[in-house]
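Each remark here refers to the structure printed beneath this line.
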2 protein chains.
Amino acid sequence: MPRNKRHLEQGEKKQAILTAAAELFTENGFDGTSMNAIAKQAGITPNTIYWYFPGKDDVLIGVLNDLVRDGLTEAMTMAGLPVRERLMHAIGVFERPESLMNTVHARVAHSEAIATWHARFHMMLEQILISEVCKVGIPTERAATVSRLLVYVIEGLLSHPHQENDRHEMIDAMLELAGVDA
Amino acid sequence: MPRNKRHLEQGEKKQAILTAAAELFTENGFDGTSMNAIAKQAGITPNTIYWYFPGKDDVLIGVLNDLVRDGLTEAMTMAGLPVRERLMHAIGVFERPESLMNTVHARVAHSEAIATWHARFHMMLEQILISEVCKVGIPTERAATVSRLLVYVIEGLLSHPHQENDRHEMIDAMLELAGVDA
DNA sequence: ACCTGAACACCGTTCAAGT
DNA sequence: ACCTGAACACCGTTCAAGT
């Protein structure tokens, strides 16, 4: 008989690792979290993580994908609300984890896996914003550029600790400049 | 007599360390550069660096300050040119080093020294932009918010590899939205 | 005052070995 | 197929000792 816990069904342990990692990344950041710490939190040995993931960067990608999935499904339930509210909420989702977005940017240069994740993330975000911005009546020509500006402003907000009302002010200003009536 | 090189005059060796670090950070990034590598490039032993700097983060701060100093003095010589050109040039200065700005953001949460440097840098940049934006005729009320948006867009450009003409397009769009005629 | 050699605790990762 | 113990090379940093 197996020494430990009983084998969990397919993929359940992988998810346990991701849950542990998400918690620690969110609290102490990526660099502040060792594989050792993740393993301990998940109740396994550090090297076991390497059975499920090629390396630490890939654990990060797993955590990020969970965040995106959660963010998108939550966004679905807010389909009725104005762009402004949905933006505000989406930023909230990605802000909590101690600037994981900064870690992504810092590692893009050194990890192929992170680089492609980051590229995909940007395309997705831009695509969503373009369709939102078009709905509101911005000419299609303009929409692409405005969306990229919005992406940068959003990432700026994610990268810098700020007050709730600063966030409102900046998003409102950006939307107003772009021609969206608040 | 001293075993090595002869003592350089006050501060000259410190500068040698910074020069070595700047070169390596620019080429391989902060995480991709070990204290060992910096020391070797500077022709000293790794632990000697700790005589001049409290730690690796402080070496980074030294490198960044050199960059800012160079950027500002260069900006002086461009006093006559329009905002747009000056912005474009300033971004160029900080873009070369493999996303050092991303490293700064990633370490703000873990290093007090980096956090205060970063806060100061933002205030400086915002102050400069506010005065520039006012000169161009934006109402003072607006200027502060527009400047913060600009800071985020600039950092976005610094954080993401992009084509030269993308940069032009985004800065132009931002300035135009803000009411500055290109 | 300035610099080194040797060591420290820790890191991400590997691998042969177990079940 | 899944997991471990033990080891690897490396990291940033410390410190007693030298000049």
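Values in this document were obtained by computation on a predicted structure and should not be read as measured data. The sequence lines fix the lettering, A, B, ..., with proteins before strands; numbering per chain opens at 1.
- In this structure, NE2 on A:His118 lies 3.5 Å from NE2 on B:His160, to the nearest 0.5 angstrom.
- Spacing between atom NZ of A:Lys14 and atom C1' of D:dC2 amounts to 14 Å, rounded to whole angstrom units.
- At D:dC3, one or more side-chain N or O atoms of A:Lys13 fall inside 4.0 Å of OP1 or OP2 (strictly under the cut-off).
- Contact check on B:Arg86 versus B:Glu132 returns a salt bridge, with a Lys/Arg side-chain nitrogen under 4.0 Å from an Asp/Glu carboxylate oxygen.
- When both distances must be under 3.5 Å, the Watson-Crick or G-U wobble mate of C:dC10 does not exist.
- Straight-line distance from the CD1 atom of B:Ile49 to the C1' atom of D:dT13: 11 Å, rounded to whole Å.
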Full working for side chain to side chain contact (heavy atoms under 4.5 Å, CB included) between A:Leu87 and A:Leu129: CA-CA 9 Å; A:Leu87 265 182; A:Leu129 285 174; 4.0 Å; yes
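- Note: CH2 (B:Trp51) to C1' (C:dC3) measures 9 Å, nearest angstrom.
- Here the side chain of B:Thr48 is nearest to one of D:dC11, C:dC11, C:dC3, namely C:dC3.
- Closest approach of B:Glu85 and B:Met78 over heavy atoms only: O-CE, 4.4 Å.
- Remark: side-chain polar atoms of B:Ser111 are not paired, donor with acceptor, to backbone N or O of B:Val108 under 3.5 angstrom.
- Taking atom NZ on A:Lys40 and atom P on D:dT4, their separation rounds to 14 Å, with Å as the unit.
- In this structure, A:Thr45 does not reach the D:dC3 phosphate: none of its side-chain N or O atoms is under 4.0 Å from OP1 or OP2.
- Distance, B:Met35 CE to C:dT4 C1': 15 Å, rounded to whole Å.
- Taking atom OH of B:Tyr50 as the reference point, atom P of D:dA17 lies 22 Å away to the nearest angstrom.
- Per the geometry, CG belonging to A:Leu60 stands 15 Å off C1' belonging to C:dG12, to the nearest Å.
- Checking C:dC2, D:dG12, D:dC2 against every side-chain atom of B:Lys56, the shortest atom distance belongs to D:dG12.
- The separation between B:Asp31 atom CG and C:dG12 atom C1' is 13 Å, rounded to whole Å.
- Pair assignment for D:dA1 gives C:dT19, based on Watson-Crick or G-U wobble hydrogen-bonding distances that are each under 3.5 Å.
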